S.K.: 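Sharing a structure below in structure tokens format, with a few things to ask.
All of these numbers come straight from a predicted model, not from anything done at the bench. By convention here, the first residue in the shown sequence is residue 1.
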Amino acid sequence: MENRNNYPRRSIARIYNKDELLAEFFGFLPVQFADEVYNAYNYVFYTALESLEQFLQSLDGLNDRDIKDSMQQFEKKVEEVVDANFNIFERYLYDNILMVPKSIDPPMEHYDGLDLSVTEEQEELLDQELEQYRKSVLAYSKRHSTIL
């Protein structure tokens, strides 16, 4: 069967990109989860840092300038360590926890009861129909843009 449009021919089975499959299976993107963990850490860390600075400023005999300088140095060191370790955590998370091996076809509950069997003829008919709609939308757009 010839492919008349410029779109790559796919097999009848749904081809997923890795992120699509994980998002559909887990209900969220792994990168969003990692971002939320990182944001939660940042919230806790900076809240604690602010409280520590307020506590140090409440003590007698400490210079405000020294406190500020020390807090900035401490913040920078902690950020470097956390960033390096978070990268390790993130890699482990993606590679070992939030992944589905290629050999496994995970069941998708929202597919239960659906007939996903499609013949090549049905797919070809759908491709032809889609191409007709694409052409009519482009023609409509062209006519509409010349009117304006």
S.K.: Nearest 0.5 angstrom please: Asn39 CG to Gln32 CD, how far?
M.R.: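 These two atoms lie 11.5 Å from each other.
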
S.K.: Judged by modelled atom types alone, do Glu90 and Tyr94 share a side-chain donor-acceptor pair under 3.5 Å?
M.R.: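 Looking only at side-chain atoms, Tyr94 and Glu90 do form a donor-acceptor pair, the distance falling under 3.5 Å.
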
S.K.: So, Asp69 and Arg65, do they make that salt bridge, N to O below 4.0 Å?
M.R.: yes

S.K.: What heavy-atom pair brings Ile67 and Glu53 nearest, and what distance separates the two atoms?
M.R.: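 Scanning both residues completely, I find the closest heavy atoms to be CG2-CG, 4.1 Å.
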
S.K.: Roughly how far, to the nearest 0.5 Å, is CG of Leu29 from CD of Glu24?
M.R.: 11.5 Å

S.K.: Going only through I, L, V, M, F, W and Y residues with side-chain contacts under 4.5 Å, is there a path from Val78 to Leu52?
M.R.: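 Val78 clusters together with Leu52.
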
S.K.: Supply the atom-to-atom distance Asp64 CG to Leu56 CG, rounded to the nearest 0.5 angstrom.
M.R.: 10.0 Å

S.K.: CD1/Ile88 to CG/Leu93 distance, rounded to the nearest 0.5 angstrom?
M.R.: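 Nearest 0.5 Å value for the CD1-CG distance: 13.5 Å.
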
S.K.: Take the angle between the ring planes of Phe89 and Phe86 and call it parallel below 30°, perpendicular above 60°, tilted in between.
M.R.: tilted

S.K.: Check whether more than 12 heavy atoms from other residues, nucleotides or ligands sit under 6.0 Å from atom CD of Gln57, and answer yes or no.
M.R.: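 More than 12 within 6.0 Å, yes.
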
S.K.: Would Val37 end up clustered with Ile97 when hydrophobic side chains under 4.5 Å apart are linked, directly or stepwise?
M.R.: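 Same cluster.
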
S.K.: Does Tyr46 share a hydrophobic cluster with Phe55, counting links as ILVMFWY side-chain heavy atoms below 4.5 Å and allowing steps through other members?
M.R.: yes

S.K.: Any side-chain heavy atom of Asn85 sitting closer than 4.5 Å to one from Val81?
M.R.: yes

S.K.: When rounded to the nearest 0.5 angstrom, what is the spacing between CD in Glu75 and NZ in Lys77?
M.R.: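 Output value for this atom pair is 13.5 Å.
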
S.K.: Are side-chain heavy atoms of Tyr41 and Val82 found at a separation under 4.5 Å?
M.R.: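 Yes, their side chains come closer than 4.5 Å.
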
S.K.: Step by step, would you call Glu79 with Lys76 a salt bridge (charged side-chain N to carboxylate O under 4.0 Å, His left out)?
M.R.: CA-CA 5 Å; Glu79 285 174 350; Lys76 184 179 179 191; over 6 Å; no

S.K.: At what distance, to the nearest 0.5 angstrom, does CG of Leu98 lie from OH of Tyr92?
M.R.: 11.0 Å

S.K.: In the single-linkage hydrophobic clustering (I, L, V, M, F, W, Y; side-chain heavy atoms under 4.5 Å), do Phe25 and Phe28 co-cluster?
M.R.: yes

